[in-house]
Amino acid sequence: MAKSIKILDKEFSVSISSDEIQRRVKQIAESINRDFEGKEILFLSILNGAFMFSADLLRHITSDCILSFTKIASYEGMQPGEKSTELIGLNEDLKDRNIIVIEDIIDTGNTIHDLISRIEQFNPRVLRIATLLFKTGMYSYDHHVDYIGFDIPNDFVIGYGLDYNGYGRNFPDIYSLKTSQKNNS
Ligand code: IMP
Ligand code: MG
């Protein structure tokens with residue numbers, strides 16, 4: 001395992017090893033299995049970042065489940081600064097389902113908040129959030145984040161699905177931006 005990697009102009013060093021990730025992902029799956037015993041789960045994996053976490057998590061799920069991938073598309077409005085978002089690729093009926101949204105990382109929480117508000121409009125029975133990474137102290141919304149892999153400091157991370165300008169999703173470990181690189185953008 002390389003301790004340091006360079007992606008485009010930035011250097012990163014390992015912060016969470018693949019072994020640690022795999023152990024934690026299994027523990028999360030075990031909690032979900034306990035919480036949803038005998039119930040069917042609809043997993044909504046948020047593209048692109050959550051693809052790897054979703055794949056590893058589902059290998060340990062024992063409840064009946066369906067996996068669907070969705071993506072948030074945002075559009076610039078006609079007015080300056082006006083933005084609207086839409087869930088795309090969603091072809092499951094969400095009404096009365098037990099839904100677990102799978103995210104790679106929650107930073108400010110804006111993305112997950114927008115997503116949750118959209119899903120709630122379909123009246124699911126249960127709506128939970130599973131995120132691999134959670135940036136401590138950044139989240140300011142009411143909706144509880146039910147399953148968290150790792151609380152991390154507010155540093156930019158890549159690997160295990162997470163990217164820097166599209167690169168770095170392929171690494172099995174998670175890397176964080178080296179301190180010396182932070183004011184270097
Ligand atoms: P939020 O809306 O601020 O919670 O940010 C969530 C989204 O920003 C995630 O789904 C990621 O796509 C992206 N993001 C936030 N922090 C990082 C990071 O450290 N590395 C890579 N992507 C990040
Ligand atoms: Mg993302």
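As the structure lists them, so they are numbered: ligands from 1, and atoms in each ligand from 1. Given the structure is predicted, the values throughout are model-derived calculations rather than measurements.
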Would [X] and [Y] pass as an ion pair if we require N to O under 4.0 Å?
{"X": "D35", "Y": "R128", "result": "yes"}
{"X": "E86", "Y": "R118", "result": "no"}
{"X": "E30", "Y": "K26", "result": "yes"}

For [X], is at least one N or O under 3.5 Å away from an N or O on ligand 1?
{"X": "D107", "value": "yes"}
{"X": "F156", "value": "no"}
{"X": "G109", "value": "yes"}

Exercise for review: Measure the acute angle between the ring planes of H113 and Y141, then classify it against the limits of 30° and 60° as parallel, tilted or perpendicular.
Suggested key: parallel
**Study point:** Residue D155 vicinity, atoms of ligand 1 by number, heavy atom under 4.0 Å
**Key:** 19 (O)
Point to revise | Contact with ligand 1 for H113, non-hydrogen, under 4.0 angstrom | key: no
Check your understanding: Would D163 count as a contact of ligand 1 if the rule is a heavy atom under 4.0 Å away?
Key -> yes
Point to revise | Centroid-centroid under 6.0 Å between F171 and Y160 rings | key: no
Review point. So between I72, D104, T111, whose heavy atom ends up nearest atom 10 (O) of ligand 1?
Key: D104
Practice item. Kindly identify the option in L133, I105, I158 whose heavy atom sits closest to atom 11 (C) of ligand 1. Key: I105
Practice item. Take T85 and D114 through the side chain to side chain donor-acceptor pair (under 3.5 Å) test and state the conclusion after the steps. Key: CA-CA 8 Å; T85 59; D114 183 53; 2.7 Å; yes
